[in-house]
Amino acid sequence: MEHISLQNHDALIVVDMQNDFLPGGSLAVSGGETIIPLLNQYMAEFKAHSLPVFATRDWHPADHCSFRQQGGPWPVHCVAGTVGAEFHPALEWPAGTHIVSKAIASGKDAFSGFEDTKLDVMLKLQGIQRLFIGGVATEYCVLNTVRDALHAGYQIYVLKDAIRAIGLKQDDGLQAVETMIKLGACLIDIDTLQS
Ligand code: VGL
Ligand code: ZN
(Lines give C-alpha, C1' and ligand atoms only; values in the text may rest on other atoms or scores of the structure.)
(Ligands and ions follow the chains in the order given, each with its own letter.)
Protein backbone atom coordinates (compact mmCIF):
# COMPACT_ATOMS: atom_id res chain seq x y z
CA MET A 1 0.00 0.00 0.00
CA GLU A 2 1.62 3.29 -1.00
CA HIS A 3 -0.23 5.99 0.82
CA ILE A 4 -3.53 6.36 2.61
CA SER A 5 -5.00 9.62 3.82
CA LEU A 6 -6.96 9.35 7.01
CA GLN A 7 -10.48 10.60 6.54
CA ASN A 8 -13.79 10.91 8.34
CA HIS A 9 -15.25 7.51 9.18
CA ASP A 10 -11.83 6.03 10.07
CA ALA A 11 -11.06 4.65 13.53
CA LEU A 12 -8.05 3.01 15.19
CA ILE A 13 -8.41 -0.10 17.33
CA VAL A 14 -5.51 -0.98 19.64
CA VAL A 15 -5.92 -4.56 20.82
CA ASP A 16 -5.02 -5.74 24.33
CA MET A 17 -1.80 -3.78 25.02
CA GLN A 18 -1.92 -4.84 28.67
CA ASN A 19 0.92 -5.59 31.08
CA ASP A 20 0.19 -9.31 31.22
CA PHE A 21 0.69 -9.62 27.45
CA LEU A 22 3.98 -7.75 27.51
CA PRO A 23 7.42 -8.79 28.77
CA GLY A 24 7.24 -9.37 32.53
CA GLY A 25 3.56 -10.31 32.29
CA SER A 26 2.03 -13.74 32.84
CA LEU A 27 1.25 -14.38 29.15
CA ALA A 28 3.94 -12.26 27.55
CA VAL A 29 4.17 -11.75 23.82
CA SER A 30 7.88 -11.66 23.10
CA GLY A 31 8.89 -8.33 21.60
CA GLY A 32 5.45 -6.94 22.42
CA GLU A 33 6.96 -3.78 23.91
CA THR A 34 8.69 -2.95 20.62
CA ILE A 35 5.39 -1.97 19.00
CA ILE A 36 4.53 0.62 21.66
CA PRO A 37 6.36 3.54 19.94
CA LEU A 38 4.65 2.65 16.67
CA LEU A 39 1.23 2.44 18.26
CA ASN A 40 1.94 5.84 19.81
CA GLN A 41 2.68 7.19 16.33
CA TYR A 42 -0.54 5.74 14.94
CA MET A 43 -2.49 7.20 17.86
CA ALA A 44 -0.89 10.60 17.24
CA GLU A 45 -1.95 10.46 13.57
CA PHE A 46 -5.54 9.67 14.52
CA LYS A 47 -5.54 12.37 17.16
CA ALA A 48 -4.16 14.89 14.66
CA HIS A 49 -7.11 14.10 12.39
CA SER A 50 -9.60 14.21 15.31
CA LEU A 51 -10.44 10.56 14.63
CA PRO A 52 -11.49 8.11 17.34
CA VAL A 53 -9.25 5.57 19.04
CA PHE A 54 -10.59 2.40 20.66
CA ALA A 55 -8.63 0.25 23.11
CA THR A 56 -9.77 -3.30 23.71
CA ARG A 57 -8.72 -5.09 26.85
CA ASP A 58 -8.97 -8.66 28.12
CA TRP A 59 -10.87 -8.24 31.39
CA HIS A 60 -11.32 -11.59 33.05
CA PRO A 61 -12.82 -12.55 36.40
CA ALA A 62 -10.36 -14.35 38.73
CA ASP A 63 -12.02 -17.71 38.02
CA HIS A 64 -12.16 -17.35 34.24
CA CYS A 65 -12.67 -20.57 32.28
CA SER A 66 -9.63 -19.92 30.06
CA PHE A 67 -7.27 -20.25 33.04
CA ARG A 68 -5.43 -23.55 33.63
CA GLN A 69 -6.78 -23.90 37.16
CA GLN A 70 -10.28 -24.03 35.61
CA GLY A 71 -9.16 -26.47 32.90
CA GLY A 72 -8.42 -23.83 30.27
CA PRO A 73 -5.27 -23.37 28.13
CA TRP A 74 -3.81 -20.20 29.62
CA PRO A 75 -2.01 -19.03 32.75
CA VAL A 76 -3.96 -16.54 34.85
CA HIS A 77 -3.84 -13.23 32.97
CA CYS A 78 -5.64 -9.88 32.76
CA VAL A 79 -7.77 -10.31 35.85
CA ALA A 80 -10.02 -7.24 36.02
CA GLY A 81 -8.66 -4.56 38.31
CA THR A 82 -5.13 -6.00 38.66
CA VAL A 83 -1.89 -4.38 37.50
CA GLY A 84 -1.53 -7.14 34.89
CA ALA A 85 -4.76 -6.02 33.28
CA GLU A 86 -3.69 -2.37 33.10
CA PHE A 87 -2.52 -0.92 29.82
CA HIS A 88 1.24 -0.57 29.47
CA PRO A 89 2.23 2.77 31.00
CA ALA A 90 4.22 3.90 27.93
CA LEU A 91 1.13 4.05 25.72
CA GLU A 92 0.04 7.59 24.91
CA TRP A 93 -3.73 7.36 24.64
CA PRO A 94 -5.45 10.39 23.15
CA ALA A 95 -8.04 12.00 25.43
CA GLY A 96 -11.38 10.34 24.85
CA THR A 97 -10.00 6.92 23.89
CA HIS A 98 -12.87 4.45 24.14
CA ILE A 99 -12.14 1.38 26.26
CA VAL A 100 -13.81 -1.91 25.33
CA SER A 101 -13.61 -4.70 27.93
CA LYS A 102 -14.07 -8.25 26.69
CA ALA A 103 -14.24 -11.81 28.00
CA ILE A 104 -15.69 -10.47 31.24
CA ALA A 105 -17.91 -13.49 32.05
CA SER A 106 -16.29 -16.40 33.89
CA GLY A 107 -17.89 -19.11 31.74
CA LYS A 108 -16.94 -17.87 28.29
CA ASP A 109 -13.75 -16.78 26.53
CA ALA A 110 -13.82 -14.17 23.77
CA PHE A 111 -10.87 -13.24 21.58
CA SER A 112 -12.69 -10.69 19.46
CA GLY A 113 -13.30 -7.14 20.61
CA PHE A 114 -16.73 -7.46 18.98
CA GLU A 115 -17.82 -10.53 20.97
CA ASP A 116 -20.44 -9.63 23.60
CA THR A 117 -19.40 -5.95 23.58
CA LYS A 118 -20.86 -2.68 22.32
CA LEU A 119 -17.95 -2.09 19.94
CA ASP A 120 -19.94 -2.51 16.72
CA VAL A 121 -22.73 -0.24 17.99
CA MET A 122 -20.22 2.41 19.10
CA LEU A 123 -18.50 2.34 15.70
CA LYS A 124 -21.76 2.43 13.76
CA LEU A 125 -23.03 5.36 15.87
CA GLN A 126 -19.93 7.29 14.81
CA GLY A 127 -20.39 6.28 11.17
CA ILE A 128 -17.07 4.41 11.09
CA GLN A 129 -16.35 2.55 7.85
CA ARG A 130 -12.62 1.83 7.90
CA LEU A 131 -10.77 0.29 10.83
CA PHE A 132 -7.03 0.30 11.42
CA ILE A 133 -6.13 -2.51 13.80
CA GLY A 134 -2.92 -3.29 15.70
CA GLY A 135 -1.80 -4.75 19.03
CA VAL A 136 -1.55 -8.26 20.45
CA ALA A 137 -1.77 -11.13 20.03
CA THR A 138 -1.72 -11.44 16.24
CA GLU A 139 -3.10 -14.98 16.09
CA TYR A 140 -5.73 -14.63 18.83
CA CYS A 141 -7.33 -11.32 19.63
CA VAL A 142 -6.09 -9.37 16.58
CA LEU A 143 -7.11 -12.13 14.15
CA ASN A 144 -10.54 -12.62 15.68
CA THR A 145 -11.22 -8.90 15.94
CA VAL A 146 -10.26 -8.48 12.27
CA ARG A 147 -12.45 -11.42 11.24
CA ASP A 148 -15.52 -10.08 13.05
CA ALA A 149 -14.88 -6.58 11.74
CA LEU A 150 -14.79 -7.85 8.16
CA HIS A 151 -18.01 -9.80 8.72
CA ALA A 152 -19.58 -6.64 10.14
CA GLY A 153 -18.79 -4.84 6.89
CA TYR A 154 -15.82 -2.65 7.80
CA GLN A 155 -12.84 -2.14 5.53
CA ILE A 156 -9.78 -3.33 7.44
CA TYR A 157 -6.18 -2.18 7.50
CA VAL A 158 -3.93 -4.29 9.72
CA LEU A 159 -0.90 -2.43 11.12
CA LYS A 160 1.73 -4.94 10.10
CA ASP A 161 4.49 -3.11 11.98
CA ALA A 162 2.41 -2.87 15.16
CA ILE A 163 1.19 -6.42 15.81
CA ARG A 164 2.99 -9.26 17.63
CA ALA A 165 2.20 -12.94 18.05
CA ILE A 166 2.37 -15.27 21.05
CA GLY A 167 3.66 -17.96 18.69
CA LEU A 168 2.98 -21.22 20.55
CA LYS A 169 3.78 -22.70 17.17
CA GLN A 170 6.47 -20.86 15.30
CA ASP A 171 4.40 -19.84 12.28
CA ASP A 172 1.21 -18.89 14.11
CA GLY A 173 1.71 -15.17 13.55
CA LEU A 174 2.55 -15.49 9.86
CA GLN A 175 -0.36 -17.83 9.28
CA ALA A 176 -2.73 -15.43 11.01
CA VAL A 177 -1.53 -12.60 8.76
CA GLU A 178 -2.13 -14.78 5.69
CA THR A 179 -5.60 -15.61 6.96
CA MET A 180 -6.41 -11.94 7.49
CA ILE A 181 -5.30 -11.12 3.94
CA LYS A 182 -7.36 -14.01 2.55
CA LEU A 183 -10.39 -12.73 4.44
CA GLY A 184 -9.97 -9.33 2.78
CA ALA A 185 -7.82 -7.22 5.11
CA CYS A 186 -5.08 -4.93 3.75
CA LEU A 187 -1.67 -4.57 5.44
CA ILE A 188 -0.15 -1.17 6.06
CA ASP A 189 2.76 0.24 8.00
CA ILE A 190 3.34 3.67 9.52
CA ASP A 191 4.84 5.03 6.29
CA THR A 192 1.55 4.32 4.55
CA LEU A 193 -0.03 7.05 6.67
CA GLN A 194 2.90 9.41 7.11
CA SER A 195 4.63 9.58 3.72
C1 VGL B 1 -5.40 -13.25 24.20
C2 VGL B 1 -4.83 -15.37 24.84
C3 VGL B 1 -5.71 -15.33 25.88
C4 VGL B 1 -5.18 -12.10 23.27
C5 VGL B 1 -6.30 -13.18 25.23
O6 VGL B 1 -5.40 -10.94 23.68
O7 VGL B 1 -4.74 -12.33 22.13
N8 VGL B 1 -4.68 -14.35 24.01
N9 VGL B 1 -6.46 -14.22 26.07
ZN1 ZN C 1 -7.59 -13.91 27.86
Side-chain angles (χ1 to χ4, degrees), residues 12-36 38-39 42 53-91 93 97-120 131-151 156 158-180 183 185 187:
L12 176 65
I13 300 185
V14 176
V15 176
D16 293 12
M17 288 298 291
Q18 297 162 271
N19 290 324
D20 272 341
F21 291 129
L22 297 164
S26 64
L27 184 44
V29 175
S30 85
E33 80 287 4
T34 64
I35 66 175
I36 291 174
L38 278 154
L39 288 168
Y42 283 106
V53 175
F54 292 78
T56 69
R57 64 182 181 186
D58 226 24
W59 199 246
H60 298 316
D63 62 348
H64 192 249
C65 62
S66 78
F67 299 164
R68 278 179 201 140
Q69 69 214 32
Q70 322 293 327
W74 305 115
V76 173
H77 64 278
C78 298
V79 172
T82 63
V83 172
E86 287 174 13
F87 294 117
H88 191 283
L91 290 156
W93 303 106
T97 296
H98 305 277
I99 295 176
V100 177
S101 302
K102 65 182 168 60
I104 63 175
S106 53
K108 191 177 175 218
D109 205 5
F111 286 143
S112 162
F114 288 91
E115 203 171 333
D116 303 319
T117 71
K118 299 211 156 59
L119 180 57
D120 188 48
L131 293 175
F132 295 73
I133 302 180
V136 295
T138 306
E139 72 274 50
Y140 299 105
C141 287
V142 173
L143 171 62
N144 284 279
T145 300
V146 165
R147 182 186 278 127
D148 280 356
L150 286 162
H151 286 152
I156 303 302
V158 175
L159 315 179
K160 75 164 191 282
D161 52 357
I163 54 175
R164 280 291 181 284
I166 292 177
L168 292 182
K169 284 187 262 96
Q170 205 187 337
D171 278 351
D172 282 356
L174 281 175
Q175 275 185 23
V177 169
E178 276 174 29
T179 300
M180 291 189 276
L183 290 169
L187 298 185

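Order of appearance sets the numbers: ligands from 1, and atoms from 1 within every ligand.
At a cut-off of 3.5 Å, with distance as the only test, no side-chain donor of Arg147 or Ser112 sits close to an acceptor on the other residue. Under 3.5 Å, the side chains of Asp109 and Tyr140 contain no donor-acceptor pair of N or O atoms.
Checked by distance only, ligand 1 and Asp16 come closer than 3.5 Å through their nitrogen or oxygen atoms. Note: an N/O pair closer than 3.5 Å links His77 and ligand 1 by distance alone. The shortest N or O to N or O distance between Leu27 and ligand 1 is not under 3.5 Å. At least one N or O atom of Ala137 sits closer than 3.5 Å to an N or O atom of ligand 1.
Remark: distances from the non-hydrogen atoms of Glu139 to ligand 1 are all 4.0 Å or more.
Residues Asp58 and Lys102 are paired through a salt bridge, judged by an N-O separation under 4.0 Å between the basic side chain and the carboxylate. A salt bridge is defined here as a Lys NZ or Arg NE, NH1 or NH2 lying under 4.0 Å from an Asp or Glu carboxylate O, and Glu115 with Lys108 meets this definition.
Look at Cys78 and the Zn ion (ligand 2): no N/O/S atom of the residue is under 2.8 Å from the metal.
Side-chain rings of Phe67 and His60 approach one another, their centers coming within less than 6.0 Å.
Close approach of ligand 1 to Phe21 (heavy-atom distance below 4.0 Å) involves ligand atoms 1 (C), 4 (C), 5 (C), 6 (O), 9 (N). Taking every heavy atom of Asp58 and a limit of under 4.0 angstrom, the matching atoms of ligand 1 come to 5 (C), 9 (N). Within the listing of ligand 1, atoms 1 (C), 4 (C), 5 (C), 6 (O), 7 (O) sit less than 4.0 angstrom from a heavy atom of Cys141.
Side-chain contact between Phe21 and Cys78 is present, with at least one heavy-atom pair separated by less than 4.5 Å. Contact annotation: the side chain of Leu38 never approaches that of Leu159 to less than 4.5 Å [non-hydrogen atoms, C-beta and beyond]. With contacts defined as side-chain heavy-atom distances shorter than 4.5 Å, the pair Leu143/Thr138 does not qualify.
Of all N, O or S atoms in His60, the one lying closest to the Zn ion (ligand 2) is NE2.
Around the Zn ion (ligand 2), the angle linking His77 (NE2) with Asp58 (OD2) is 100°, rounded to 10 degrees.
At the top of the distance list for atom 8 (N) of ligand 1, counting protein heavy atoms only, stands Tyr140 CB, 3.8 Å.
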